[in-house]
Colleague: 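Let me give you the structure first, and then I'll get to my questions.
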Amino acid sequence: MKSDELYALLRRRGVLWPTAEIYGGAQGLYDYGPLGAALKRRVEEAWTAWFVGLSHDYYVIDPAELLPEAVVRASGHLENFTDPEVTCENCHKAFRADTILEKVRPEGVDGLTPAEIAEIVRTRGAKCPNCGSSALSVPRAFNMMFGVDFGVTGRERVFLRPETAQSSYLAFPRMWDVGRRALPLGIAVVGKAYRNEIAPRQVLFRMRAFTQSELQIFFDPERFSVPFDRVREETLPVVRAARREAGSEAVEPVPAEDLVRSGGLPEFYVYHLVHSYRFFRDVLGFPAGRLRLLEKSDRERAFYNRIQFDIEADLESLGGFKELGAVHYRGDYDLGRHSAGTGKDLSVTLTGGRTVLPHVLELTSGPDRTVWALADLHLGRDGERTVWHLPPYLAPVAVEVFPLIPKAHGAAALALADELGAAGLAVHYDDAGTIGKRYARADEAGSPFCVTVDGETVAEGPNHGTVTVRDRDSKAQSRVPTGDLVGRIFRATRSPRPALA
RNA sequence: GCGGGCAUAGUGUAGUCUGGUUAUCACAUAGGCUUGCCAAGCCUAUAACCCGGGUUCAAAUCCCGGUGCCCGCACCA
């Protein structure tokens with residue numbers, strides 16, 4: 001489906017809508033409705049089960065969303081983000097000020113005020129790199145972080161975190177003790193991050209407030225052993241940076257062991273890349289042919305990232321491959337910055353006496369983007385029907401309960417719905433309209449099972465009744481004793497976990 | 001931010017160029033009749049001109065501003 005059509009469907013069904021919609025919305029902010037909130041929560045839970053399940057030394061924390069100014073100064077977010085932008089009044093293209101000035105002022109623009117930059121642009125004859133015009137605008141600095149007054153005096157400033165990763169780095173020294181002083185140590189955060197994007201677009205793909213699921217794995221750079229045999233034979237759809245530089249974006253299926261043996265990547269990296277790939281393919285059910293692992297080149301990736309593959313999915317609604325997650329090998333950059341920022345040595349002493357500043361492997365993904373991708377990939381027309389073919393454990397509603405004839409079977413159906421709910425299943429009761437319409441609504445919501453209570457159920461009595469169970473994807477029906485329902489539905493809606501040693 | 005395009009019930013739309021009836025139609029939603037395991041049928045009801053200003057006897061229609069969305073550029077540390 002096209003983006004507009006998909007978004008309209010998601011709004012209509014109450015999956016999501018613009019924040020403050022009755023005031024015309026707010027750019028880059030969206031609210032999730034019942035289906036969207038439940039789906040996103042299941043995505044987050046599946047992510048946590050999968051990635052934190054990779055090791056018994058990986059932990060989930062829930063840190064504050066506000067960061068003191070000193071933190072974002074140390075992390076580099078404060079300075080990196082004041083890069084001023086200059087627009088050409090002639091051809092209307094925008095450039096970073098240091099791009100415009102690289103010929104006339106090779107030393108860069110760090111530390112200059114916008115007024116000083118404007119002066120240099122005017123007096124040194126800077127030209128637009130595109131059309132050569134010297135009609136350049138006054139530089140504008142844009143701040144990608146939201147600053148917030150803090151404390152009663154209002155003189156202190158804090159910032160809404162621009163990435164959840166910082167929270168994990170700050171937690172490392174405390175977690176070093178909590179985790180009983182061993183590496184590798186994983187710290188996972190699922191939480192909101194905030195960026196004042198210049199141009200929020202594509203609904204859930206460029207938001208100003210969004211959720212990140214990130215696992216930061218702190219490890220000893222000299223020794224990070226992983227059960228590589230578990231992933232050795234997995235074939236990954238990679239696009240290597242070297243081939244991209246040579247002009248080919250074609251996906252190349254490469255066995256994991258080859259990425260290590262001849263591909264120049266460390267085992268620990270490929271191991272986690274495979275698990276990230278499997279999360280999207282096996283847990284979220286993305287078709288393998290729609291996924292690719294795109295390696296970022298030296299030029300593209302942030303300077304502190306030593307290795308970076310983006311996990312991308314080919315989405316019809318957005319016209320091509322879009323980033324949903326990534327695996328970043330960040331080296332010791334982050335702990336190094338915070339060591340400098342605090343003046344405290346954040347390196348740790350391992351058993352045996354060796355002292356190291358841990359390196360970080362970051363596994364990251366975006367639940368909001370994932371929700372959109374799940375709609376793009378799994379929600380669509382199936383003949384006459386609109387069906388959301390979600391993996392059953394992600395479906396907001398596990399089981400719908402219908403009375404075949406509301407007047408005759410309503411009470412028994414309500415009692416059954418209660419019972420299933422009490423057992424811990426996400427259950428939804430619907431007696432409105434014809435049975436066909438209820439099936440259709442359930443299909444659109446992605447509910448994997450519909451249970452219909454009929455005359456037979458009532459006649460058989462409350463403890464030995466049977467009901468019709470209808471499967472979302474095949475529309476097939478089967479007669480099932482009510483006593484078997486809970487077990488059957490639980491088995492079918494269990495989220496996968498990685499197989500460990 | 002820049003340039004271009006767009007904005008009518010919950011959804012999709014007609015009407016806008018060329019100002020003038022009670023703003024069209026379908027689907028959806030709610031109620032009723034009927035039916036009783038896959039969006040059936042009939043009847044009824046609810047429901048919209050993005051916001052603000054201007055021009056005019058009269059604005060969904062023309063003009064200005066705002067907001068939002070789409071495409072391209074830039075940005076995405």
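These numbers come from the heavy atoms of this one structure, side chains and all, not from hydrogens, waters or symmetry mates. In the text below, chain A, chain B and the rest are named by the order of the sequence lines, each starting its count at 1.
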Colleague: Please report the distance, rounded to the nearest Å, between CD in E21(A) and C1' in G10(B).
Modeller: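 Result: 10 Å.
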Colleague: Using a 4.0 Å heavy-atom cut-off across all strands, classify Y30(A) as base, sugar-phosphate, or nothing.
Modeller: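 Here Y30(A) touches the backbone only, sparing every base.
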Colleague: Using Watson-Crick or G-U wobble geometry with both distances under 3.5 Å, which nucleotide pairs with G65(B)?
Modeller: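 Per the H-bond distance test, C51(B).
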Colleague: In terms of side-chain heavy atoms of D4(A), which of C69(B), C37(B), C76(B) is nearest?
Modeller: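 When the side chain of D4(A) is considered, C69(B) is the closest of C69(B), C37(B), C76(B).
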Colleague: Has T434(A) got a side-chain N or O lying under 4.0 Å from the OP1 or OP2 atom of A40(B)?
Modeller: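 For A40(B), OP1/OP2 do have a side-chain N/O of T434(A) under 4.0 Å.
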Colleague: Report yes or no: is there a donor-acceptor pair, N or O only, under 3.5 Å between the side chain of Q477(A) and the base of C37(B)?
Modeller: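 In this structure, the two groups form a donor-acceptor pair.
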Colleague: Classify Q202(A) by what it touches in the nucleic acid, base, sugar-phosphate, or nothing, heavy-atom distance under 4.0 Å.
Modeller: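 If one applies the 4.0 Å heavy-atom cut-off, Q202(A) turns out to touch the sugar-phosphate alone, with no base involved.
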Colleague: Using ring centroids (six-membered ring only for Trp), state whether F279(A) and F51(A) fall under 6.0 Å.
Modeller: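 Ring centres of F279(A) and F51(A) closer than 6.0 Å.
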Colleague: Base of C37(B), side chain of R438(A) - is there a donor-acceptor contact under 3.5 Å?
Modeller: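 Absent.
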Colleague: When the P atoms of G12(B) and C17(B) are considered, how many whole Å apart are they?
Modeller: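 Roughly 24 Å separates the two P atoms.
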Colleague: In B/S/- notation, 5' to 3', how is nucleotides 24-32 of chain B contacted by protein heavy atoms closer than 4.0 Å?
Modeller: -----S---
Colleague: Side chain of Y439(A), base of C37(B): donor and acceptor closer than 3.5 Å?
Modeller: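 Such a pair is found, so the answer is yes.
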Colleague: Is R201(A) side chain donor-acceptor paired with the G72(B) base, going by distance under 3.5 Å alone?
Modeller: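 A donor-acceptor contact between them is present.
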Colleague: I want to check one thing: is the phosphate of C69(B), taken as OP1 and OP2, less than 4.0 Å away from some side-chain N or O of Q27(A)?
Modeller: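 Checking C69(B) against Q27(A), a side-chain N or O does come within under 4.0 Å of OP1 or OP2.
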Colleague: Among E362(A), H359(A), H272(A), exactly one meets side-chain contact (heavy atoms from CB on, under 4.5 Å) together with Y329(A). Which residue is that?
Modeller: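 For Y329(A), the side-chain contact (heavy atoms from CB on, under 4.5 Å) check succeeds only for H359(A).
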Colleague: I'd like to know if D443(A) reaches the base of C38(B) with its side chain, counting only an N/O donor and acceptor under 3.5 Å.
Modeller: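 Absent.
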Colleague: Of the nucleotides G36(B), G12(B), C37(B), which one has an atom closest to the side chain of P406(A)?
Modeller: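 In terms of side-chain proximity for P406(A), the closest of G36(B), G12(B), C37(B) is G36(B).
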Colleague: From the list C76(B), C38(B), C37(B), which nucleotide is the closest neighbour of the side chain of T468(A)?
Modeller: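 Side chain of T468(A) sits closest to C37(B).
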Colleague: Are T211(A) and K40(A) close enough that a side-chain donor and a side-chain acceptor fall under 3.5 Å?
Modeller: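 Yes, K40(A) and T211(A) have a side-chain donor paired with an acceptor closer than 3.5 Å.
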Colleague: Nearest to the side chain of R195(A) - U11(B), A74(B), C76(B)?
Modeller: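 My answer, after comparing the listed nucleotides, is C76(B).
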